[in-house]
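Below is one structure; the comments refer to it alone.
Just so you know, ligand 1 is whichever comes first in the structure, and atom 1 is the first atom listed for that ligand.
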Amino acid sequence: MDYIKTDDGSFTLYDQSFQEHFHSLSGALEEALEKHVNAIGVIDGFRILDFCFGLGYNSIAATVNHNHLEIIGLEKNLEIVKLIRDLEVPTSIKPQFDPFRYIAEKLIITDLNNNTIKLIIGDALQTIDQLSADYFDRVFFDPFSPRKQPEMWSLEIFRKVNDKMKSNGRLSTYSCTKWIRDNMMKAGFTVFDGPAVGRKSPATIGVKTPKT
Ligand SMILES: C[S@@+](CC[C@H](N)C(=O)[O-])C[C@H]1O[C@@H](n2cnc3c(N)ncnc32)[C@H](O)[C@@H]1O
């Protein structure tokens, strides 16, 4: 796995098997903050699902200025999570990253602000079934692209994710592909444009439509 420095000074990875970067080359940290955390908003005490945790940028960015977050990350490849230990990060995020550097060892860590990240290692298509219904306030949805991993963006998966979320809970994802938005709407989300950070097309925000 090769580290690549992105334009905001943070590092991403290039996955040879999928032939894809983990983040936009305009900025890995920028993407986490702008397309995910700030796009859907995080409040102290929220429960967050990080679907495809990777190097954990989205989760760890969420802990900035927040307390008592309960974050669950789903990730298939423990070897990726181990790379967090020595990941060089911009000084602005270092205080948040450092407590989580050894997360691959115990798979659960709580920082000094009582933010907890717990990881479930395995195929998210299956491990999602271990989670409680109506539980999460926010979801960061971050698989490889629909072209490379169409199975992660299916109607069935969006239905499962929607089921795990509270009413009016919000999901962020970087893709605005039409068939994905259609799947999200069929699964029970109202869909909005998210910010276009590092690319021309917008990201997508899904809000879980309350059942009537
Ligand atoms: C685009 S990267 C996510 C980047 C991540 N959010 C970060 O901040 O580094 C996709 C991640 O999904 C993981 N992944 C791929 N297929 C998966 C699956 N079926 N279940 C769980 N994780 C998977 C990959 O190992 C990789 O870490």
Is there any protein N/O under 3.5 Å from an N/O of ligand 1, and what does the full list of such pairs look like?
unit_1, atom_1, unit_2, atom_2, d
ligand 1, 6 (N), Cys52, O, 3.1
ligand 1, 6 (N), Asn58, ND2, 3.4
ligand 1, 6 (N), Asp142, OD2, 2.8
ligand 1, 8 (O), His23, NE2, 3.0
ligand 1, 8 (O), Tyr57, N, 3.2
ligand 1, 9 (O), His23, NE2, 3.3
ligand 1, 9 (O), Leu55, N, 2.8
ligand 1, 16 (N), Gln149, NE2, 2.8
ligand 1, 19 (N), Asp123, OD1, 2.9
ligand 1, 20 (N), Ala124, N, 2.8
ligand 1, 22 (N), Lys76, N, 3.1
ligand 1, 25 (O), Glu75, OE2, 2.6
ligand 1, 27 (O), Glu75, OE1, 2.8
ligand 1, 27 (O), Glu75, OE2, 3.3

Tell me, yes or no, whether the heavy-atom count around Glu151 atom CD, taken from other residues, nucleotides or ligands under 6.0 Å, exceeds 12.
yes
Using a 6.0 Å cut-off, check whether atom CG of Asp129 has over 12 heavy atoms from anything other than its own residue.
yes
Exam field: side chain Glu31 to backbone Ser24, donor-acceptor pair closer than 3.5 Å
yes
If you count every heavy atom of other residues, nucleotides or ligands that lies below 6.0 Å from Lys118 atom NZ, does the total exceed 12?
no
Between Tyr57 and Phe97 (judged by ring centroids, cut-off 6.0 Å), do the two rings come close enough to count as a pair?
yes
Can you sort out the partners of Asp137 under salt bridge (charged side-chain N to carboxylate O under 4.0 Å, His left out), two or more places apart, ordered by chain and number?
Lys166
